[in-house]
Amino acid sequence: MAALFVGFGLLVGILFGFFGMGGSFLVTPALLVVGYPAPVAVGSGLAFVFGTSVIGALRHRDHGQISYSLATVMILGMTVGIEVGTRVVFLLAEAGSADVVISVVYVGLLGAVGLFVLRDARTDGSDVETSRVTTTVQTIKLPPLVSLPGGATVSAWVILVVGSAVGTLSGWVGVGGGFLLLPVMIYGFGVPTTIAAGTSILQIMVSGAFGTFVYAQSGAVDIAVVAVLLVGSALGARIGTGATRLVNEADVKGYFAGMLLAGGIATASKQIGTAYGVETLETVSAVLLFGTAVLVSGAIVTASINALREEPSSVSLSQPRPDSDDSHGQYYRPDDRPLH
């Protein structure tokens, strides 16, 4: 079992570094699938989030892929939300319905966000409706305003409300919030994908630390399983973070959507199998969860290797173009086109 979790940690680390998510959207369902109680799965997922996020935040900082002003305001809102969500989990646990409720919420969130991102990836980011959301958010000029990479501004109050909502869900279903933060920053605030990934990880680091502290006080964190997962994720996070500079933005969104949809289906299969005593569905759940992590991680590594082979000169630049005030952490090819 330990070797399995080390390998899984490696895969989740790659995905975490690549997508800007702490990985608990996979870790928490995985712990539920192998039989951990819901509060322990949630608490351990948040503890894993904190450990992986420290590594990833440092890497993204080196690449200039973090908006500190956006992260600071979002963290304030998420901290309040996590406290609310955590209280809900323990109330559900006392009522004996935590496993079912958390799983249902997981399936709904992963499915909805996954389908939205998949649609956007298939339209290559040209969806008019998505642009309208960003424009609407940016037209709310209630001060103070927060400057974002790319020159746009968003009201700090809007960011606080969104952060509180994401934090509540984070504390409720045991995720660092990355699979929600990434779409919110890209589609809601208009932040470039690479900056959104780095900023998301910084926020997750703080929210994961706070969530872990709250759950640890109730003994709902399995330190042993978290430590084993972190052994593998330490290497995986470095690989995933480096891959963000090599894989194009449409592919990032496509892989992201696939992971979310697979996680939702796996969690649903687990609950249905348990409820009706169908062991085959429980097996399908485990295979789908771990199998998808292997396939997507492999696809990321393969795409990165192909990019290095095809355009070795385009990835040798590790700093933003110095003659532009609008680079905001973007990396440029020799022909001045952004390297997403």
Side-chain angles (χ1 to χ4, degrees), residues 15-25 46-85 113 134 137-138 140 142-171 175-214 237 240-241 244-245 252 256 320 326-331:
L15 299 172
F16 140 76
F18 187 73
F19 294 124
M21 298 176 294
S24 58
F25 83 106
L46 285 171
F48 177 75
V49 159
F50 172 65
T52 52
S53 297
V54 171
I55 302 167
L58 292 173
R59 295 291 293 174
H60 278 280
R61 181 201 62 183
D62 293 341
H63 296 325
Q65 296 174 338
I66 295 177
S67 172
Y68 293 99
S69 57
L70 174 59
T72 300
V73 181
M74 187 74 81
I75 286 169
L76 293 175
M78 289 187 66
T79 301
V80 175
I82 287 174
E83 180 66 26
V84 174
V113 177
T134 303
V137 170
Q138 293 179 355
I140 301 174
L142 186 63
L145 300 178
V146 177
S147 297
L148 303 177
T153 58
V154 174
S155 171
W157 296 106
V158 172
I159 298 173
L160 282 171
V161 170
V162 171
S164 297
V166 173
T168 299
L169 291 171
S170 175
V175 297
F179 82 93
L180 295 171
L181 286 171
L182 201 66
V184 163
M185 286 190 285
I186 294 172
Y187 306 118
F189 300 156
V191 177
T193 302
T194 51
I195 304 295
T199 305
S200 172
I201 288 178
L202 179 63
Q203 296 169 87
I204 291 167
M205 181 180 74
V206 177
S207 64
F210 181 72
T212 300
F213 173 74
V214 173
T241 302
T244 60
R245 299 166 54 208
V252 172
F256 179 55
D326 297 323
S327 58
H328 297 290
Q330 290 286 356
Y331 296 86

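Any value given below was found using the heavy atoms of this structure, including those in side chains, with hydrogens, waters and symmetry copies removed.
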Under the side-chain contact (heavy atoms from CB on, under 4.5 Å) rule, what do L46 and F210 come out as? Steps first, then yes or no, please.
CA-CA 9 Å; L46 285 171; F210 181 72; over 6 Å; no

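- Side chain of W157 to backbone of L142: no donor-acceptor contact under 3.5 angstrom is found.
- Summarising the geometry of S147 relative to S69, their closest heavy-atom pair is O-OG, 3.3 Å, with the distance given to 0.1 Å.
- The distance from the CG atom of L70 to the CG atom of L148 is 5.5 Å, given to the nearest 0.5 Å.
- Side chain of T199 to backbone of S67: a donor-acceptor contact under 3.5 angstrom is found.
- With contacts defined as side-chain heavy-atom distances shorter than 4.5 Å, the pair I159/F189 qualifies.
- Listed by chain and number, the residues in a side-chain hydrogen bond (donor to acceptor under 3.5 Å, both in side chains) with T153 are K141 (sequence neighbours excluded).
- Taken from CG in L202 to CD1 in I75, the straight-line distance is 5.0 Å, to the nearest 0.5 Å.
- For the atom pair CD1 (I66) and OG (S200), the distance works out to 10.5 Å, reported to the nearest 0.5 Å.
- For the pair V191 and I186, the minimum side-chain heavy-atom distance is 4.5 Å or more.
- Of all heavy-atom pairs between V137 and G188, the closest is CB-O, 3.3 Å.
- Q203 contributes no side-chain N or O that, together with a main-chain N or O of M74, makes up a donor-acceptor pair within less than 3.5 Å.
- The closest side-chain heavy-atom distance from L145 to V154 is not below 4.5 Å.
- T168 places no side-chain N or O within 3.5 Å of a backbone atom of G85 that could act as its donor or acceptor partner.
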